[in-house]
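When reading the values below, keep in mind they use all heavy atoms of this one structure, side chains included, and skip hydrogens, waters and symmetry mates.
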Amino acid sequence: MVGPTSYLTGCRVEDEVFLATGSRVFNGAWIGTRSEGRINGIVHLRTVLPADWMVPIG
């Protein structure tokens with residue numbers, strides 16, 4: 001699920017991922033299964049977020 005005003009570009013997002021309002025995921029990033037990006041969370045270029053991990057608010 002991708003919330004409103006979120007921005008995803010050139011990234012890979014696995015199954016059962018939740019990206020809250022205002023999340024940003026940039027080129028080359030990989031978001032693992034069941035991971036979360038909280039409100040205004042940022043996943044930078046070429047970052048790997050393993051399965052079941054979470055990016056905190058802001």
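Here the CG atom belonging to Leu19 is positioned 6.0 Å from the CD1 atom belonging to Ile31, to the nearest 0.5 angstrom. Taken from SG in Cys11 to CG in Asn27, the straight-line distance is 8.0 Å, to the nearest 0.5 Å.
Contact annotation: the side chain of Leu8 approaches that of Val13 to within less than 4.5 Å [non-hydrogen atoms, C-beta and beyond]. Side-chain contact between Ile42 and Val55 is absent, with no heavy-atom pair separated by less than 4.5 Å.
No donor-acceptor distance shorter than 3.5 angstrom exists from the side chain of Thr21 to the backbone of Thr5, with no hydrogens or angles considered. Without hydrogens or angle criteria, Thr33 side chain to Asp52 main chain gives no donor-acceptor distance under 3.5 Å.
Of all heavy-atom pairs spanning Ser35 and Pro50, the tightest one is OG-O, 2.8 Å. Nearest heavy atoms, Arg38 versus Ala20: C-CB, 3.7 Å. Between Ser23 and Gly37 the shortest heavy-atom distance is OG-O, 3.4 Å.
For Arg46, the side chain to side chain contact (heavy atoms under 4.5 Å, CB included) test picks out no residue, with sequence neighbours left out. Every residue two or more places apart in sequence or in another chain that forms a side chain to side chain contact (heavy atoms under 4.5 Å, CB included) with Tyr7 is listed here: Thr9, Arg24, Phe26.
Other cluster members for Phe18: Met1, joined by side-chain heavy-atom distances under 4.5 Å among Ile, Leu, Val, Met, Phe, Trp and Tyr.
No hydrogens or angles considered: nothing links the side chains of Glu36 and Trp53 as a donor-acceptor pair under 3.5 Å.
Note: the hydrophobic cluster containing Val17 also contains Val2 (ILVMFWY, side chain heavy atoms under 4.5 Å, direct or indirect links).
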